A.B. asks: 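Provided herewith is a single structure, encoded as structure tokens, for subsequent inquiry.
All values reported here derive from a predicted model rather than from experimental measurement.
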Amino acid sequence: MTIETISTSKAHGGVQGVYAHQSGATGTRMTFSVFVPAHEEGEKLPVLWYLSGLTCTHANVTDKGEYRGPCAEHRVIFIAPDTSPRGEGVANDDAYDMGQGAGFYVDATQEPWAKHFQMQTYIEQELPALIAEHFPMADMGAQAITGHSMGGHGALTIGLRNPDRFRSVSAFAPIVAPSQVPWGEKALGGYLGQDRAAWRQADAVALIEDGARVHDLLVDQGDADQFLTEQLRPELLAEACGKAGIALTLRRQPGYDHSYNFISTFMADHVTWAAERLRR
């Protein structure tokens, strides 16, 4: 697999790069960013994946996430994929919460989405293989995952489905139970069909109810988030984790909303949380 280097620049002693490649999973050109801290030749560094939310690309967190300082301090590679396939001929929806920019990190089975919207395969299989091939300093045996909103949903579900791969799982304002909120009902119904049993593998609360386990989770949630009550519902995750014996650190942050002002404020905590678990 080949990649195209779109840009690189020095940051915090390391290199921030943006790259693109032709994806076999989505059948489209996909763009992603990677920050690699300074390191010795032959040294291996752990990896933290960040999955973005609705309407975002790799660029939102790359420009506004304020992760490079803490990643340089803890010597952790930070990878930010796009949220969906894009381009001419790729299905879309006029609304912001479906289609391009809103892949929900699932493999669509329904038309017109199935041809390109294979984001679960892309994140879980294709992009990690590409990283392993082109970034030899990446220790693919030491991975963590986090994300925001729709990407928080992705981080939780991918982490729960792959507990042997991810040593750390966290999220910012995640959609914890998409089967029970309007964003998720629309997206999962559109991408996966109306059989709700098929949705359970794409729903963190349902996965936990069905036996998926990780050792612990960190979730930050602003209490001034405009989507808190209708779309995010962290109390459902707290209830599921309590019943399952999963150690959930749910921090309700007073006065914070859903924006990157919130994310950037607590990004260092999530990098530190991941770094502690990645080096155990």
Side-chain angles (χ1 to χ4, degrees), residues 1-53 55-65 67-68 71-72 75-91 100-108 115-148 150-151 154-155 158-159 162 165-166 271 274 278:
M1 294 183 285
T2 61
I3 65 171
E4 172 192 350
T5 300
I6 296 175
S7 67
T8 59
S9 58
K10 188 170 182 177
H12 291 271
V15 176
Q16 176 65 66
V18 177
Y19 309 91
H21 71 111
Q22 185 64 30
S23 168
T26 68
T28 65
R29 175 182 165 91
M30 298 292 289
T31 305
F32 61 97
S33 76
V34 181
F35 173 68
V36 179
H39 60 283
E40 301 296 329
E41 185 175 355
E43 183 182 2
K44 292 284 192 177
L45 302 179
V47 172
L48 174 59
W49 297 84
Y50 176 91
L51 304 184
S52 295
T55 76
C56 291
T57 71
H58 71 281
N60 298 74
V61 70
T62 305
D63 294 344
K64 299 183 288 188
Y67 58 82
R68 280 173 284 267
C71 282
R75 299 166 66 75
V76 173
I77 294 171
F78 190 97
I79 304 173
D82 201 349
T83 54
S84 78
R86 301 176 189 272
E88 186 176 352
V90 176
Q100 296 186 39
F104 268 81
Y105 304 101
V106 300
D107 282 352
K115 181 178 179 181
H116 297 295
F117 282 74
Q118 301 296 307
M119 289 301 294
Q120 179 179 331
T121 294
Y122 180 69
I123 297 296
E124 292 187 359
Q125 300 177 32
E126 185 178 28
L127 190 54
L130 194 75
I131 295 296
E133 179 180 354
H134 291 278
F135 295 85
M137 75 294 293
D139 182 357
M140 303 306 284
Q143 297 186 58
I145 192 166
T146 189
H148 170 235
M150 178 186 72
I158 291 171
N162 299 275
R165 174 180 165 192
F166 295 103
V271 173
L278 286 165

A.B. asks: For G87, is there any backbone N or O sitting under 3.5 Å from a side-chain donor or acceptor partner on R29?
C.D. replies: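 Flag not set: sc R29 to bb G87 has no pair under 3.5 Å.
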A.B. asks: Give me the atom names and distance for the closest heavy-atom approach of S52 to M150.
C.D. replies: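 Between these two residues, the closest heavy atoms are O-CE, 3.7 Å.
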A.B. asks: Is there a donor-acceptor contact under 3.5 Å from the side chain of K115 to the main chain of T26?
C.D. replies: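 Judged by distance alone, no pair lies under 3.5 Å.
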A.B. asks: For A102 and S84, which heavy atoms make the closest approach, and how far apart are they?
C.D. replies: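 Between these two residues, the closest heavy atoms are N-CB, 4.0 Å.
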A.B. asks: For a side-chain contact (heavy atoms from CB on, under 4.5 Å) with F78, tell me which candidate from V47, L48, V36 qualifies.
C.D. replies: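 When V47, L48, V36 are each tested with F78, the side-chain contact (heavy atoms from CB on, under 4.5 Å) holds only for L48.
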A.B. asks: Side chains of P128 and M140, heavy atoms from C-beta outward: is any pair under 4.5 Å?
C.D. replies: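 Yes, at least one pair of side-chain atoms sits under 4.5 Å.
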A.B. asks: Nearest 0.5 Å, what's the OH-SG distance between Y50 and C71?
C.D. replies: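 That separation rounds to 12.0 Å.
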A.B. asks: Quick check for you: to the nearest 0.5 Å, what is the distance between T5 atom OG1 and H134 atom NE2?
C.D. replies: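 Rounded to the nearest 0.5 Å, the OG1-NE2 separation comes to 9.5 Å.
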A.B. asks: Can you name the closest pair of heavy atoms from P37 and A72 and give their distance?
C.D. replies: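 Between these two residues, the closest heavy atoms are CB-CA, 4.1 Å.
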A.B. asks: If you measure from CZ on R75 to CG on L278, what distance do you get to the nearest 0.5 Å?
C.D. replies: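 R75 atom CZ to L278 atom CG measures 13.5 Å (nearest 0.5 Å).
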A.B. asks: Determine whether D82 and Y122 satisfy the following criterion, side-chain contact (heavy atoms from CB on, under 4.5 Å), listing intermediate values before the conclusion.
C.D. replies: CA-CA 10 Å; D82 201 349; Y122 180 69; over 6 Å; no
A.B. asks: Would you say that H148 contacts C56 through its side chain, given a criterion of any heavy-atom pair below 4.5 Å between the two side chains?
C.D. replies: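 Answer no - side chains too far apart.
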A.B. asks: Is a side-chain N or O of D63 found less than 3.5 angstrom from the main chain of N60, in a donor-acceptor match?
C.D. replies: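 The answer is no, because no donor-acceptor pair under 3.5 Å joins these two groups.
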A.B. asks: For the pair D107 (side chain) and T121 (backbone), establish whether a donor and an acceptor sit closer than 3.5 Å, ignoring hydrogens and angles.
C.D. replies: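 Yes, the answer is positive, given that a donor and an acceptor are paired below the 3.5 Å cut-off.
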A.B. asks: Can you check whether V76 reaches F35 side chain to side chain, under 4.5 Å on heavy atoms?
C.D. replies: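 No; the side chains remain at least 4.5 Å from each other.
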A.B. asks: After noting the C-alpha distance and the side-chain angles of M137 and E43, does the key distance pass the side-chain contact (heavy atoms from CB on, under 4.5 Å) rule?
C.D. replies: CA-CA 6 Å; M137 75 294 293; E43 183 182 2; over 6 Å; no
A.B. asks: Would you compute the distance between atom CZ of F117 and atom CZ of F104 and round it to the nearest 0.5 angstrom?
C.D. replies: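 Reported value, rounded in 0.5 Å steps: 11.5 Å.
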A.B. asks: Do I158 and I145 come within less than 4.5 Å of each other through their side chains, counting heavy atoms only?
C.D. replies: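 I158 vs I145: side chains touch.
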A.B. asks: Give me the atom names and distance for the closest heavy-atom approach of I77 to A138.
C.D. replies: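 It is CD1-CA, 3.7 Å.
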A.B. asks: How about F135 and H39: are their ring centres within less than 6.0 Å of each other?
C.D. replies: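 No - the distance between ring centres of F135 and H39 does not fall below the 6.0 Å cut-off.
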A.B. asks: Do any side-chain atoms of residues 10-20 form donor-acceptor pairs under 3.5 angstrom with protein atoms, and if so which ones, sequence neighbours left out?
C.D. replies:
| from | atom 1 | to | atom 2 | distance (Å) |
| --- | --- | --- | --- | --- |
| Q16 | OE1 | Y67 | OH | 2.7 |
| Q16 | OE1 | R68 | NH1 | 2.7 |
| Q16 | NE2 | V34 | O | 3.3 |

A.B. asks: Quick check: closest heavy atoms across G154 and L51, and the distance to 0.1 Å?
C.D. replies: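 Shortest heavy-atom contact: C-CD1, 3.7 Å.
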A.B. asks: Between R86 and V90, is any pair of side-chain heavy atoms under 4.5 Å apart?
C.D. replies: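 Not in contact.
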A.B. asks: What distance do E126 atom CD and I131 atom CD1 have between them, rounded to the nearest 0.5 Å?
C.D. replies: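 Here the interatomic distance stands at 11.0 Å.
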A.B. asks: Could you give the distance from CG (L130) to CE (M1), rounded to the nearest 0.5 Å?
C.D. replies: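 Going from the CG atom of L130 to the CE atom of M1 covers 5.0 Å.
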A.B. asks: How close do P85 and M119 get, counting heavy atoms only, and between which atoms?
C.D. replies: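 P85 and M119 have their closest heavy atoms at CD-SD, 3.9 Å.
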